[in-house]
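Data block below; observations after.
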Amino acid sequence: MGRRHFNFIHVLFYTFLDMHRALFPPRVPRRIRNRVHNYASLETPTGLSWVVEVATAAGGRLKFCGYGWMDFVEHHSVRQGWSLMFTYAGGSKFRVKIFKSNGAEIFYPSALVKMNVVQNNGIASSSSKTRSTIIECGMSNHGVAYFNKHLTESAVTGKQPVAFPASFLRDNKLLLNKNYKTCIVHIPVGAPVRSGLSWNYSNNQWQCSLLGGWKSFCQQCQPKKGDVVSIFLDFDEKENIPLVRISFVDREFDFTRQVKTELFN
């Protein structure tokens, strides 16, 4: 760490917490701390940039975390035991290199990768005319439950609540059940919002829809008909309510239109 340059390495040890945040060193130059406010831009060697949240951890240390950070981790399939090297590049921008546990630098994805889209008959297809609304449910590489949703014209307006698939609710009833009336929603840009959950019982099963959080996503991110989004389900231990994270799957979100220009200066 010199007078002009600021580098640090974060090692993802074998704990759940290490995957959900990257701590800065205890001592960060004042000139950098004064410029990193709430959000930062992480740029990989491919030139792709990711906007992530910056917060203060216990002891006053800064950390990358929250919305954007897990998108970055998921996209690069980061594993426990890997190392990330951050280099300050001015303003609120950091360049990042990722190394596997054996010390080898990873092969960086050059763009967001589309997931296979499945028709109602189970045959993979990329045709928008044959896509089903819910195209995949499962667990991410880091054990977070999610489902993908192909957006219809009515969904992108934000006026129609997003319903969780019945099978998704059954598989994750400990995290999301009728005892919860609200949740925290993280979207690709903007601060997390608190959203209502609508529950009703029909066809011998509980159904749940995401209300205001989906409307905020549509207003802030302006999704288009045909986009595919991933909706992740976790738990906010501080608020003691479910945590929902929404991110695009099949197109790169144009952060530069939504985030203040000063972030990239």
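Please read all numbers here as calculations on a predicted model, not as lab measurements.
- Ser92 OG to Tyr39 OH: the interatomic distance, rounded to the nearest 0.5 Å, is 12.0 Å.
- Using a cutoff of 4.0 Å between basic side-chain nitrogens and carboxylate oxygens, Arg194 and Glu239 are scored as salt-bridged.
- The aromatic ring centres of Phe6 and Tyr88 sit 6.0 Å or more apart.
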(request) Tell me, with the steps shown, if Phe248 and Cys221 meet side-chain contact (heavy atoms from CB on, under 4.5 Å). (result) CA-CA 10 Å; Phe248 287 102; Cys221 301; 3.9 Å; yes

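- Taking both residues in full, the closest heavy atoms of Ala89 and Arg95 are given as CB-NH1, 3.3 Å, listed atom of the first, atom of the second, then distance.
- The structure places CE of Met85 at 6.5 Å from CD1 of Ile9, a figure rounded to the nearest 0.5 Å.
- When all heavy atoms of Lys215 and Gly158 are compared, the pair lying nearest together is CB-O, 3.8 Å.
- Separating the CZ atom in Phe64 from the CG atom in Leu23 is a distance of 10.5 Å, to the nearest 0.5 Å.
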(request) Using the side-chain contact (heavy atoms from CB on, under 4.5 Å) rule, take Leu233 and Leu243 through it: C-alpha gap first, then chi angles, then the decisive distance, then the call. (result) CA-CA 6 Å; Leu233 175 65; Leu243 186 153; over 6 Å; no

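- Within the 4.5 Å cutoff, no side-chain heavy atoms of Trp82 are placed close to those of Phe99.
- Taken from SG in Cys218 to CD1 in Ile246, the straight-line distance is 8.0 Å, to the nearest 0.5 Å.
- Phe86 places a side-chain heavy atom less than 4.5 Å from the side chain of Val96.
- Residues Ile184 and Pro192 share a closest heavy-atom pair of CG2-CB, 4.1 Å.
- Under the 3.5 Å distance criterion, the side-chain polar atoms of Ser195 are matched with a main-chain donor or acceptor of Gly213.
- There is no path of hydrophobic side-chain contacts, each under 4.5 Å, that joins Leu174 to Tyr180.
- Within the 4.5 Å cutoff, the side chain of Leu211 has no heavy atoms near those of the Leu197 side chain.
- Two rings, from His76 and Trp50, have their centers less than 6.0 Å apart.
- Side-chain N or O atoms of Arg79 include one that pairs as donor or acceptor with a backbone N or O of Ser77 at under 3.5 Å.
- Applying the side chain to side chain donor-acceptor pair (under 3.5 Å) rule to pairs touching residues 157-178 yields Ser154-Gln160, Asn177-Asn179, sequence neighbours excluded.
- Within the 3.5 Å criterion, the main-chain N or O of Ala155 finds a donor-acceptor partner in the side chain of Trp214.
- In terms of the salt bridge (charged side-chain N to carboxylate O under 4.0 Å, His left out) criterion, Arg33 has no residue partners (sequence neighbours excluded).
- Counting heavy atoms from C-beta on, the side chains of Val229 and Asn148 never come closer than 4.5 Å.
- Looking at Thr87 and Phe8, their side chains never come closer than 4.5 Å, going by heavy atoms from C-beta outward.
- Atoms OG and CZ, on Ser247 and Phe72 in that order, are 14.5 Å from each other to the nearest 0.5 Å.
- Looking at every heavy atom in both residues, Lys224 comes nearest to Leu151 through O-CB, 4.2 Å.
- For Arg245 and Phe232, the positive end sits near the middle of the six-membered ring, less than 6.0 Å away and at most 45° from its axis.
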(request) Starting from the C-alpha separation in whole Å, work towards a yes-or-no answer on side-chain contact (heavy atoms from CB on, under 4.5 Å) for Asp234 and Leu175. (result) CA-CA 7 Å; Asp234 210 329; Leu175 290 177; 5.5 Å; no

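- Checked against side-chain hydrogen bond (donor to acceptor under 3.5 Å, both in side chains), Thr44 has the following partners two or more places apart in sequence or in another chain: Thr46.
- The distance from the OG atom of Ser41 to the NZ atom of Lys93 is 6.0 Å, given to the nearest 0.5 Å.
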(message) One pair to check against side-chain contact (heavy atoms from CB on, under 4.5 Å): Val185 and Phe217. What are the steps and the verdict?
(response) CA-CA 9 Å; Val185 179; Phe217 170 77; 5.9 Å; no

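- In terms of modelled atom types and a separation under 3.5 Å, the side chain of His10 and the main chain of Arg21 share a donor-acceptor contact.
- Two residues are said to be in side-chain contact when any heavy atoms from C-beta on lie closer than 4.5 Å; Cys183 and Leu210 meet this criterion.
- Minimum interatomic distance between Lys63 and Ala57 (heavy atoms only, all atoms of both residues): CD-CB, 3.8 Å.
- No side-chain heavy atom of Ile32 sits less than 4.5 Å from a side-chain heavy atom of Arg30.
- Minimum interatomic distance between Leu169 and Trp206 (heavy atoms only, all atoms of both residues): CD1-O, 3.6 Å.
- Around CD of Glu153, the count of heavy atoms belonging to other residues, nucleotides or ligands within 6.0 Å does not exceed 12.
- Proximity of a side-chain donor or acceptor of Asn102 to a complementary backbone N or O of Ala104 within less than 3.5 Å is detected.
- No side-chain heavy atom of Phe94 sits under 4.5 Å from any side-chain heavy atom of Val52.
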